[in-house]
Each structure stands twice: as C-alpha cells, then as structure tokens.
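What follows is a short report on a single structure.
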Amino acid sequence: MKPAPFDYRRPDTVDAAIAALAGSGGFAKALGGGQSLGPMLNLRLAQPAELIDLRGIAALSECREESASVQLGAGITHAQIEDGTIPDPSRGLMPWVARGIAYRAVRNRGTLGGSLVHADPAADWINVMALLDASCIVAGPRGQREIAQRDWMAGAFTTALADDEVLLAVRIARLGPGARWSYYKVNRKPGEFAEAICAFVDDAAQGRRRAVIGAIDGPPFVIADAGALIDRWDETLAHHHLCVAGLEPGTYEYQLHAVALQRAAAALAVFTGEGA
C-alpha cells in the first residue's frame, strides 16, 4: 500500500508552518519525525491533502534552560535524549526511557513532539510527561499558549492541539538532587509498543511524589499523591488505583498493570541514581 496523493511543503519557520496549516482548511497534516505518521500514510489511515514537514524548522530543535525548568524543542529526537546531548531535567529518567523506544533507526528520526502529538496511549513520552507534570507550548494564528499535561491528551490519539497549531516545545520542571524515579514497561519484545507502563517519581524535597499507570485505553492515569505507595507497598491501595484507572480486576490487562505497578515500586525502593 502506498499513500494517497498529497501536496508537500517544507517551511523553515514556525510562522510559515502555522500559515500553511491555517490556509489548508483543516486538510493539512504536520509531519514531525514521521515514524508514526509515515506508516499511517502508507496504510491510508491518514489521507491529508497536504503534508507540512516541520523538520526544516531549526527553532523546534532548540533547548532553553531555566533555573527551575528546561524547555525542550518539539523537534528533539529520541536519540538526542538517549545520548545526553540535550539538557536533562529528569535526573536520568528521560535518557533511560529513550533507550527503550523502538529501535535506534526509529530513535534517530522520531521526535519528542511528534510522539506527544500522536498521543498513542502506549507510547513512552505521553506517560513520562504526565508523570513529570510537564506542559506543552503551542503556537497558532491566535498566538501562543501553554497547555498543562493533564489537559493535553483528551483520549487515544486525540490532543488539545488545534488543526492550525504547532507544538513548539515541552517545559519540564527539574527534579531535585535527591529525587528518585522508576519506570517499568511490559512489552513482548524490544521495540514494540507497551502493553503496560507504570512509573514513579519521588522528589520529597519539592513535594512531588507521583505515579502513573499508562498504556491504558485513554490518557495516562496519574496518582498525584503517591506517597502512601512509595513509603510502603499496599496491595489494597494499589488495587484501588488500578480500578480507578479503568482496569477491570481479573482481566489480562489488569494483571499486567498490577505487576508493572508493583515492580515499578520495587525498583524505586532500590534506586541508586543509575537507572531503575
């Protein structure tokens, strides 16, 4: 199968990309790294009239460091995060996760922003950014706005990004020097999308003790105050959170996520700063 015919445009500025999207009447599609959209085009699951290639916009690959946060451009690749060539606000969590995304060839081209906009519930970055309580900075004809991660993903493959907007960057608050984290993913073999994702961040000094249950039917389920699970594993409390996340006890999906949550908690307990 080959893509349906489409026009192709490669702007070199954000303003030009926004103008192209706004002028398409909703029939254009922005292209980031292309590792998700490319197969969808080939299968004709996506049939845009015009493809707006964002890879020529240098501003989307810029990083900005601030005292309390780091702003990563949407065009940053998984490989750049894996290799540590860009600032890391997560004390090693993001490079650790990046190493487990698909294969190196995919990581060389796939982008942080592309993954977030695609919003596959089983993808890594949509879950990591929910765990870190990041925010997405977007721009469109009506100007620039910042969207909290809790408001970013409306459902599977659906985000708050308008058709004529571009994701510019992701703002991530820095974890403190004593922060711990863990990330546990269940997939049948390396490179596949996850069947279950569970993760913890324990940054007690900043009052951030969070957990996420991901790779579910919709947006990641965030436990904003996970202190009780972090301090002592509690099977009954874990069961409660899994049920609230929409997982039905006794099902295959419930069992996978229950194991992932317990193993993520166990990994956090032995965190050494070298990965979980």
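FYI, side chains are in, hydrogens and waters are out, and symmetry mates aren't considered; it's all heavy atoms of this structure. Sequential numbering from 1 along the given sequence is applied to the chain's residues. Please read these numbers as outputs of a predicted model, since none were measured by experiment.
- Shortest non-hydrogen contact noted between P48 and A28 is CB-C, 4.4 Å.
- In the model, S135 has a side-chain atom that pairs as donor or acceptor with a side-chain atom of E146 under 3.5 Å.
- Ring geometry for F221 against H241 counts as tilted: the plane angle lies between 30° and 60°, on a 0 to 90° scale.
- Side chain of S115 to main chain of L112: no donor-acceptor pair is present (N/O by atom type, distance under 3.5 Å, no hydrogens or angles).
- In plain terms, the two heavy atoms of P190 and Y103 that are nearest each other are O-OH, 2.8 Å.
- Remark: E192 does not engage K185 in a salt bridge, criterion side-chain N to carboxylate O under 4.0 Å.
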*Could you walk me through whether R9 and E50 pass salt bridge (charged side-chain N to carboxylate O under 4.0 Å, His left out), step by step?*
CA-CA 7 Å; R9 197 181 307 194; E50 187 173 16; 2.8 Å; yes
*Would you check, one step at a time, whether the test side chain to side chain contact (heavy atoms under 4.5 Å, CB included) holds for H118 with F157?*
CA-CA 6 Å; H118 186 54; F157 306 102; 3.5 Å; yes
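- Closest approach of A260 to V186, counting heavy atoms only: CB-CG2, 4.1 Å.
- Around the CZ atom of R150, the shell of radius 6.0 Å holds no more than 12 heavy atoms that belong to other residues, nucleotides or ligands.
- Residues E195 and Y252 have side chains that bring a donor and an acceptor to within less than 3.5 angstrom of each other.
- Across all non-hydrogen atoms, the minimal contact from G218 to P121 is O-CB, 3.5 Å.
- For R109, the CZ atom is loosely surrounded, since the number of other residues' heavy atoms within 6.0 Å does not exceed 12.
- Distance alone, capped at 3.5 Å, is enough to place a donor-acceptor pair between the W152 side chain and the L116 backbone.
- The closest donor-acceptor contact from the side chain of Q47 to the backbone of R44 lies under 3.5 Å.
- Within a 6.0 Å sphere centred on CZ of F27, heavy atoms belonging to other residues, nucleotides or ligands number 12 at most.
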*Steps toward side chain to side chain contact (heavy atoms under 4.5 Å, CB included) verdict (V14, L60)*: CA-CA 8 Å; V14 171; L60 295 183; 4.1 Å; yes
_If you apply the rule ring-ring contact (aromatic ring centres under 6.0 Å, His included), what do you find for W181 with F271, and how did you get there?_
CA-CA 7 Å; W181 55 264; F271 179 84; 5.4 Å; yes
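- Considering all non-hydrogen atoms of both residues, I197 and A122 come closest at CD1-O, 3.8 Å.
- Put simply, the side chain of S61 never gets that close to the backbone of A59: no donor and acceptor are under 3.5 Å apart.
- The line from CG of L229 to CZ of R210 is 14.0 Å long, rounded to the nearest 0.5 Å.
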*Please step through side chain to side chain contact (heavy atoms under 4.5 Å, CB included) for the pair H257 and L261, ending with a clear verdict.*
CA-CA 6 Å; H257 286 82; L261 186 62; over 6 Å; no
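- Between E66 and R174 there is no salt bridge, since no side-chain N of the basic residue sits under 4.0 Å from a carboxylate O of the acidic one.
- With contacts defined as side-chain heavy-atom distances shorter than 4.5 Å, the pair L175/Q206 does not qualify.
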*Candidate pair E82 and I101, rule side chain to side chain contact (heavy atoms under 4.5 Å, CB included), full reasoning*: CA-CA 10 Å; E82 175 185 9; I101 296 176; over 6 Å; no
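- Looking at every heavy atom in both residues, L93 comes nearest to D88 through N-OD2, 4.5 Å.
- Residues D133 and R208 are not paired through a salt bridge, judged by the lack of any N-O separation under 4.0 Å between the basic side chain and the carboxylate.
- Expressed to the nearest 0.5 Å, how far CD of Q149 lies from CG of L132 amounts to 9.0 Å.
- Side-chain atoms of N127 and Y183 form no donor-acceptor pair, as typed in the model, at a separation below 3.5 Å.
- R10 has no carboxylate O lying under 4.0 Å from a charged side-chain N of D12, or vice versa, which leaves the two without a salt bridge.
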